[in-house]
Amino acid sequence: MRTARDKGVPGRPVRRVRALRTVGGLSVRLDLRALTVVVLLLLAAAAASVVLIGTGDFPIPAGDVIRTLAGDGTPSQEFIVHDLRLPRVLVGLLVGASLGLAGALFQSVSRNPLGSPDVLGLGQGSTAGALVMIVLFSGSANEVALGALVGGLVTGLAIYLLAWKRGVHGYRLVLVGIGVSAIVTAVNGYLLTKADLVDAARAVVWMTGSLNGRDWAQVWPLLIMCAVLVPLVLGNARGLRMTEMGDDVSYALGVSVERTRLLLLVSAVLLTSGATAAAGPVGFVALTAPQLARRLTRSPGPNLIPSLCMGATLLVVADWASQRAFGADQLPVGVVTGVLGGVYLLWLLVSERKAGRI
């Protein structure tokens, strides 16, 4: 094990990193501050999850929740925790983690803090696919989820093809995404005008983004998707870090830039579409989680794992707030994240303008 110090930038604090070397000669660079942030976020997510599981019409103390999760609860506690509340919390954690990771990928590839699924129109594309299944086919819950997944993938493919010009680059990707988002939003409005009252009400409820009624049927597909995509993304993290230095430098270092970019964009689209299919379009988590993670770690890299952990923590805390912070009125979690994310977006735009970047 070797401890090193980054030289950093004049006027900024020096960063401490550790290089861990294995017997086979592999070297892993660990940023101690980033590692600390990840651990604290995981603890916060776990604590918020326990509190959320114990929240409801039948409150359960945190100690009893932990004992029940360990298999030592009463029959009534076992039913409430394992069958009713745990699946909802797990869906929230997985959706938040997926959106946080997807947002970090989009922002890193586009090199733009506004490069998130919310701004690029992927959430609107998934919404369009779900509305088609609800309005035109009166589809079941599984069919609506499939429609949302397909809609997100089609929208992501359209954005990639329209933004392609000898490669996909930052501001062009964002600008094309904003244009596609506007078009798909208009399509969604048209579909709502063609729906009957029952289907329109059902569509509006889905479009707010909610974890109500989520069960194990939503947990397993999300868990499988994350088990496949998260290791794939982390395995290409070095290539992603290299692309942030520019295409010419990346090619010189042996990175296949467009292949890496395409692989990571497809992964980000799948993560976003899968999360939207499970919980509806939960807004602004993908935008805010990577930015908050970067501010905590103070690391210029893509911050993939911190963004993943931040997204999970944000969504679970927002779900608790949607249930308890407004008295007897329980709001969909998408309303809470939308309000908080909208405020954050305004602050980000003002900051970017003052810095002269927009």
Side-chain angles (χ1 to χ4, degrees), residues 31 33-49 89-120 122-123 174 209 211 222 225-226 229-230 233-234 237 240 264-265 267-276 278-322 333-349 351-352:
D31 187 321
R33 182 183 179 91
L35 180 61
T36 302
V37 169
V38 168
V39 171
L40 292 177
L41 287 174
L42 290 174
L43 292 175
S49 298
V89 172
L90 291 177
V91 170
L93 290 170
L94 291 171
V95 167
S98 299
L99 292 176
L101 182 58
L105 290 173
F106 277 119
Q107 291 178 16
S108 181
V109 169
S110 66
R111 304 177 198 172
N112 192 318
L114 297 178
S116 78
D118 308 291
V119 178
L120 297 180
L122 293 176
V174 174
L211 296 175
L222 270 176
M225 180 190 72
C226 290
L229 293 179
V230 171
V233 168
L234 296 181
L240 180 62
L264 294 176
L265 284 176
S267 299
V269 170
L270 286 171
L271 287 167
T272 304
S273 302
T276 306
V282 180
F284 290 106
V285 173
L287 175 69
T288 57
Q291 293 298 312
L292 293 176
R294 177 168 295 188
R295 280 166 170 75
L296 289 176
T297 63
R298 298 179 185 174
S299 174
N303 287 288
L304 298 180
I305 296 180
S307 298
L308 181 152
C309 297
M310 178 62 75
T313 304
L314 280 178
L315 196 53
V316 172
V317 172
D319 191 31
W320 177 86
S322 70
V333 67
V335 174
V336 177
T337 60
V339 171
L340 298 178
V343 173
Y344 179 81
L345 177 59
L346 290 175
W347 176 85
L348 181 62
L349 290 171
S351 300
E352 291 291 302

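None of the values given here were measured: they were computed from a predicted structure.
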Exactly one of Ser267, Ser98, Ser273 clears side chain to side chain contact (heavy atoms under 4.5 Å, CB included) with Met225, and that residue is Ser98

If I take atom CG from residue Leu271 and atom CG from residue Leu99, how far apart are they, to the nearest 0.5 angstrom?
8.5 Å

Just so I know, are the side chains of Met310 and Pro290 near enough to count as touching, which here means a heavy-atom distance under 4.5 Å?
no

Given 3.5 Å as the limit, does a donor-acceptor pair link the side chain of Thr297 with the main chain of Ala293, or not?
yes

Going from CG on Leu211 to CG on Leu90, what distance comes out if it is rounded to the nearest 0.5 angstrom?
11.0 Å

Does the Asp118 side chain pair with the main chain of Phe284, one donor and one acceptor, at a distance under 3.5 Å?
yes

Side chain to side chain contact (heavy atoms under 4.5 Å, CB included), that's the test. Do Leu40 and Leu296 meet it? Break it down for me.
CA-CA 11 Å; Leu40 292 177; Leu296 289 176; over 6 Å; no

Any side-chain heavy atom of Asn303 within less than 4.5 Å of one from Val37?
no

On a heavy-atom basis, which atom in Gly115 and which in Ser110 lie closest, and how many Å separate them?
CA-OG, 3.6 Å

Within the 4.5 Å heavy-atom criterion, are Leu304 and Leu240 side-chain neighbours or not?
yes

Exercise: identify the closest heavy-atom pair between Gly92 and Leu315
O-CD2, 3.2 Å

One should read off an interatomic distance between Asp319 CG and Thr337 OG1, to the nearest 0.5 angstrom, of 10.0 Å

Could you tell me which non-hydrogen atom of Gly96 sits nearest to which non-hydrogen atom of Val285, and how far apart they are?
O-CG1, 4.2 Å

Leu105 side, atom CG; Leu264 side, atom CG - distance, nearest 0.5 Å
5.5 Å

Can you confirm whether Pro281 sits close enough to Thr276 that some side-chain heavy atom of one is under 4.5 Å from a side-chain heavy atom of the other?
yes

For the student: nearest non-hydrogen atoms of Ala312 and Leu93, plus distance:
CB-O, 3.5 Å

Any idea which heavy atoms bring Gly334 and Val282 closest together, and the distance?
CA-CG1, 4.5 Å

Could you please spell out the steps behind the side chain to side chain contact (heavy atoms under 4.5 Å, CB included) verdict for Leu340 and Thr288?
CA-CA 9 Å; Leu340 298 178; Thr288 57; over 6 Å; no

Do the side chain of Gln107 and the main chain of Leu287 share a donor and acceptor less than 3.5 angstrom apart?
yes

Check: Val119 and Phe106 side chains under 4.5 Å, non-hydrogen atoms
no

Does the Thr313 side chain pair with the main chain of Leu41, one donor and one acceptor, at a distance under 3.5 Å?
yes

Counting only heavy atoms not in Ile305, do more than 12 fall under 6.0 Å of its CD1?
no

Kindly give the heavy-atom pair with the smallest separation between Ala278 and Leu222, and that separation in Å.
CB-CD1, 3.5 Å

